[in-house]
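For reference, the structure discussed in these notes is given below.
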There are 2 protein chains.
Amino acid sequence: MAKEVSLFIDFLKTKGLKLTKQREYILDVFLATERHLSVEDLYNIVKKKDSSIGQATVFRTLKLLCEADIAQEVDLGDKRIRYEHKYGHGHHDHLVYIKCGKFIEVVDTGIERLQDKLCKRVGFLPKRHKMDIFGTCKQCQKKKR
Amino acid sequence: MAKEVSLFIDFLKTKGLKLTKQREYILDVFLATERHLSVEDLYNIVKKKDSSIGQATVFRTLKLLCEADIAQEVDLGDKRIRYEHKYGHGHHDHLVYIKCGKFIEVVDTGIERLQDKLCKRVGFLPKRHKMDIFGTCKQCQKKKR
DNA sequence: TTTGATATTGAAATTCAATATCATCTATTA
DNA sequence: TAATAGATGATATTGAATTTCAATATCAAA
Ligand SMILES: [Mn+2]
Ligand SMILES: [Mn+2]
Ligand SMILES: [Zn+2]
Ligand SMILES: [Zn+2]
């Protein structure tokens, strides 16, 4: 059993909630997908195998997974809330490939250090930050549009 | 007359569009406000003086101002499109004060340099980026919640 | 087992900002 | 003047996020 599953069970227990088939299955599918999924994305995958599961349950389960620190919201500027794995994934920033839709997760300790310095300089106490760089790869450059 | 106004007139001319009272007035109000306004924010200010102007016109005018490079969209993660001045304002990032709602616009050339290096290292051609740091100031720290 | 309290579910409804539609209005030109 | 093109504001529509609600499942206690 994945560590995330037992984490989720513990979380649910402390909240007085239950691990249902639906929740377990949605978590399974979420863990099996290394992408930034919207609720709809995840719902579409889930319903392929079990068409009885509703969007609302996917939506609610993702919220629970966020509360349990297993998932977290990502906003890549495309006007949809997306979710990524949080457990076992530290802070990171994104390079987003605007043509092919791919992305890379990166951490640049030099940048992180300068961010802290910058904040200190202006008397600002940082809690979290977001850095997304949008661009293209070589392949994409060749494509028109 | 503000430089932005003549810019807008030129832009409209090349597009075969007209400078109307509404457009001129909306631009005036926009320029007079040094904030990150949503369409609704701007509409609320505008209608105080001229209640005959509709939301749709504010919406359309902001789109035009973006096309004319006088305004630009900002997304500070609060699920609303906001607009800020673009003309005369180069690229900048934001420190966002999560409690008092204030913000600072910053540019750290050290960070920008490291961003470029990072991209080069992974063969990524950056087009634009976004960096927002969310935190608090001393005053806000003292407040509960 | 049964029961009852409580949690869960999926369909459908609602919300809310963003955007499109459309029947006037208005300015400009033939 | 009439014709044309654009502009406007009220209203409708969209689409994602979220809530509602009646039906169902769970599970501990009787
Ligand atoms: Mn970072
Ligand atoms: Mn920057
Ligand atoms: Zn990520
Ligand atoms: Zn700004």
Side-chain angles (χ1 to χ4, degrees), chain A residues 8-30 36-68 71-84, chain B residues 8-30 36-68 71-84:
Chain A
F8 194 38
I9 292 172
D10 290 347
F11 167 80
L12 292 171
K13 204 163 285 172
T14 65
K15 283 275 195 171
L17 303 177
K18 295 158 189 170
L19 180 69
T20 62
K21 291 187 242 317
Q22 290 92 333
R23 286 177 178 160
E24 193 171 12
Y25 181 56
I26 291 167
L27 174 53
D28 272 359
V29 173
F30 175 71
H36 293 113
L37 299 162
S38 65
V39 172
E40 206 193 353
D41 292 337
L42 187 53
Y43 171 62
N44 285 332
I45 300 173
V46 157
K47 78 174 172 192
K48 273 184 204 161
K49 281 201 181 171
D50 184 346
S51 62
S52 73
I53 292 179
Q55 285 214 54
T57 301
V58 175
F59 167 78
R60 287 183 289 230
T61 302
L62 277 170
K63 291 283 174 196
L64 289 174
L65 292 175
C66 287
E67 274 190 77
Q72 67 187 341
E73 294 191 359
V74 218
D75 171 7
L76 294 179
D78 63 347
K79 309 195 171 156
R80 301 195 70 146
I81 299 175
R82 295 180 174 282
Y83 297 85
E84 64 176 356
Chain B
F8 194 38
I9 292 171
D10 290 348
F11 167 80
L12 292 171
K13 204 163 286 171
T14 66
K15 283 274 195 171
L17 304 176
K18 296 159 189 169
L19 180 69
T20 62
K21 290 188 242 319
Q22 289 93 333
R23 286 175 177 164
E24 192 170 12
Y25 180 56
I26 291 167
L27 174 53
D28 272 359
V29 173
F30 174 72
H36 293 114
L37 299 162
S38 65
V39 171
E40 206 194 353
D41 291 338
L42 187 54
Y43 171 63
N44 285 332
I45 300 174
V46 157
K47 78 174 172 191
K48 272 184 203 162
K49 280 200 179 170
D50 185 345
S51 61
S52 73
I53 292 179
Q55 285 214 52
T57 302
V58 175
F59 168 77
R60 287 183 289 231
T61 302
L62 277 169
K63 292 281 174 199
L64 289 173
L65 292 175
C66 287
E67 274 190 75
Q72 67 186 339
E73 294 190 0
V74 218
D75 171 6
L76 295 178
D78 64 347
K79 310 196 171 153
R80 304 194 70 146
I81 299 176
R82 296 180 174 282
Y83 296 86
E84 64 175 356

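Every chain is numbered from 1 and lettered A, B, ... according to where its sequence line falls, protein lines coming before strand lines.
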So which atom in A:H36 and which in A:D41 form the shortest heavy-atom distance, rounded to 0.1 Å? O-OD2, 4.1 Å

Let me know the distance between CZ of B:R80 and P of D:dA16, rounded to the nearest Å. 19 Å

Is there a side-chain contact between B:L65 and B:Y83, using heavy atoms and a 4.5 Å cut-off? no

Protein-nucleotide distance (B:Y25, atom OH; D:dG9, atom P), rounded to Å: 13 Å

Would you kindly give the CG-to-P distance between B:L12 and D:dT8, to the nearest whole Å? 10 Å

Minimal non-hydrogen separation, A:K18 against A:R23, with atom names: O-NH1, 2.7 Å

What is the first contacted nucleotide of DNA chain C and what is the last, in 5' to 3' order, if contact means an atom lying under 4.0 angstrom from a heavy atom of chain A? C:dA7 to C:dA11

A:D41 CG to D:dA16 P: how many Å, rounded? 10 Å

Most 5' of B:V39 and B:K21 on DNA chain C, judged by nearest nucleotide: B:V39

B:L64 CG - D:dG6 P separation (whole Å): 13 Å

B:L19 CG to D:dA7 P, in whole Å, measures 10 Å

Choosing from D:dA7, D:dG9, D:dC27, which nucleotide comes nearest the side chain of A:K18? D:dC27

Run the salt-bridge test on A:R82 and A:E40 with the 4.0 Å N-O cut-off and return the result as yes or no. no

Going by an N to O cut-off under 4.0 Å, is there a salt bridge joining A:K79 and B:D75? no

For B:K63, answer base if it contacts any base atom (sugar-phosphate contacts may also be present), sugar-phosphate if it contacts only those atoms, and nothing otherwise; contact means non-hydrogen atoms under 4.0 Å. sugar-phosphate

For a quick check of understanding: with a heavy-atom distance under 4.0 Å over all strands, which category does B:Q55 fall into, base, sugar-phosphate or nothing? nothing

Other residues, nucleotides, ligands: >12 heavy atoms within 6.0 Å of A:K47 NZ: yes

Could you tell me whether B:E73 and B:K63 make a salt bridge, using a distance below 4.0 angstrom between a side-chain N and a carboxylate O? yes

Quick one: pull up CG in B:L17 and CD in B:E67 and give me the separation to the nearest 0.5 Å. 8.5 Å

Kindly calculate the angle separating the two end axes of the helix from C:dT1-D:dA30 to C:dA30-D:dT1, each obtained from five base pairs, and round it to 10 degrees. 10°

May I have the distance from A:E40 (atom CD) to D:dT18 (atom C1'), rounded to whole angstrom? 15 Å

Worked check of side-chain contact (heavy atoms from CB on, under 4.5 Å) between B:I45 and B:L37: CA-CA 10 Å; B:I45 300 174; B:L37 299 162; 4.2 Å; yes

Any base atoms under 4.0 Å from B:K47, or only sugar-phosphate, or nothing? Heavy atoms, all strands. nothing

What is the nucleic acid contact for A:R60, judged by heavy atoms within less than 4.0 Å: base, sugar-phosphate only, or nothing? base

Closest approach of A:V58 and A:V39, non-hydrogen atoms and distance? CG1-O, 3.9 Å

Determine the contact category for A:S38: base if any of its heavy atoms lies under 4.0 Å from a base atom, sugar-phosphate if only primed atoms, P, OP1 or OP2 are that close, otherwise nothing. nothing

Separation of B:F59 atom CZ from D:dA10 atom P, in whole Å? 16 Å

By nearest nucleotide on DNA chain C, pick out whichever of A:I53 and A:G16 is the more 5' one. A:G16

